[in-house]
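For reference, the structure is listed below as C-alpha cells.
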Amino acid sequence: EVAKAKGLFPVEGDLVKKRLGLQFANKSVDTVATKGAKGKSKGEDYFPTPEELALINKYTNVDFTKEEVMVFSLVSADQNVDRAGDQFTSKGLKDMADMSPDKPYLMNHDWEIGSVMGKIFDAKVANKQLQQKVYVPIRENTKDFIQGMLDGLYNKVSVGFAMNPKDYVCSSCQKSLYSMECSHYPG
C-alpha cells in the first residue's frame, strides 16, 4: 500500500518486482586521476596476478594464461545519494558484492550475448564502495573495448539490480522507502 501510494514499484515478497537499472556517477579505480597509483602505466600492467588468474579460472571452462586476459578494477556503487535520489545501505552493497562474482560484464544495456565483454570474478565492499574486479579475454571482438578501457574512455559503470525493499533507503530520513515510517517520495 505504501509503495502504491508513493508510486513506487510494487513489492512481491521481499523483492522489488522490477529490475532497476540505475546509472551511477562513480569512477573507475583505473582513471587518469589514479594513473600510476597502483603501478599501472602500460597495458601489460593489466594482466592478472597469479592470485587473480586462479580466481578467474574458477569461472572458465578452459584455463586462461596471464597473457590471454586483462583485469580491470571498478568502483561500481557507493553510499552516496545518486542523481536519482537513491542511496544504498551497507547491507545492500554487501549483498551486491556477494552476488557479483560470475556475473557478465556488459558493454551496454543491451542484455544480449553480443554485449558481454567479460565477467566479474571478485567483489568486496571497502570504504563504503562496491569494488569489483572484471576480466576481459583478449579476443578480436574485445580489442576495441580493451583499448577504450586502457585509454580511459570507458570509466563509468551502471549496475542492474533488485533489492530488498528495506535496503532501498530514503535519502532524507534514512528509512526504507517501503515503510510507513518514511513519508517521502524518491528524489
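Since this is a predicted model, take the numbers as computed values, not measurements. Heavy atoms only: backbone and side chains are in, while hydrogens, waters and symmetry mates are out.
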Next on the checklist: Walk me through whether I146 and I138 qualify under side chain to side chain contact (heavy atoms under 4.5 Å, CB included).
Outcome noted: CA-CA 8 Å; I146 289 170; I138 301 170; 3.9 Å; yes
Next on the checklist: F47 vs E52, test: side chain to side chain contact (heavy atoms under 4.5 Å, CB included). Steps then yes/no.
Outcome noted: CA-CA 9 Å; F47 289 141; E52 290 171 331; over 6 Å; no
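With values rounded to the nearest 0.5 angstrom, Q129 atom CD is found 5.5 Å from N127 atom CG. The CG atom of L55 sits 8.0 Å away from atom OG1 of T49, with the distance rounded to the nearest 0.5 Å. Atom CZ in F88 sits 6.5 Å away from atom CG in L93 (nearest 0.5 Å). One distance of note links SG of C170 with CG of L177; it measures 5.0 Å at 0.5 Å rounding. One finds the NZ atom of K58 at 13.0 Å from the CG atom of D63 (value rounded to the nearest 0.5 Å). Atom CD in E181 sits 12.5 Å away from atom NE2 in H184 (nearest 0.5 Å).
Between K119 and F121, the closest side-chain pair of non-hydrogen atoms is not below 4.5 Å. Annotation: side chain of F72 is not in contact with side chain of K133 (no heavy-atom distance under 4.5 Å). Counting heavy atoms from C-beta on, the side chains of Y135 and L53 never come closer than 4.5 Å. L74 is listed as a side-chain neighbour of V134, based on a closest heavy-atom distance under 4.5 Å. Counting only heavy atoms from C-beta outward, the side chains of T65 and E68 approach each other to under 4.5 Å. Side-chain contact between V71 and Y46 is absent, with no heavy atoms from C-beta onward closer than 4.5 Å. Within the 4.5 Å cutoff, the side chain of S90 has no heavy atoms near those of the V125 side chain. When side chains are defined from C-beta on, S73 does not count as touching Q131, because their heavy atoms never get closer than 4.5 Å.
In summary, of the residues considered (C182, S179, S183), a side chain to side chain contact (heavy atoms under 4.5 Å, CB included) with C173 occurs for C182 alone.
Panel note: side chain N57, backbone F64; a donor-acceptor pair is recorded below 3.5 Å. Between the D78 side chain and the N80 main chain, a donor and an acceptor come within less than 3.5 Å of each other. Here the side chain of K103 pairs a donor or acceptor atom with the backbone of M99 at under 3.5 angstrom.
Considering every non-hydrogen atom in both G114 and M117, the closest pair reads O-CE, 3.7 Å. Of all heavy-atom pairs between P101 and D98, the closest is CD-O, 3.8 Å. Scanning all heavy atoms of the two residues, the minimum distance from A123 to L130 falls at CB-CD1, 4.4 Å.
Classified by interplanar angle (parallel below 30°, tilted 30° to 60°, perpendicular above 60°), the ring pair Y154/F145 is parallel.
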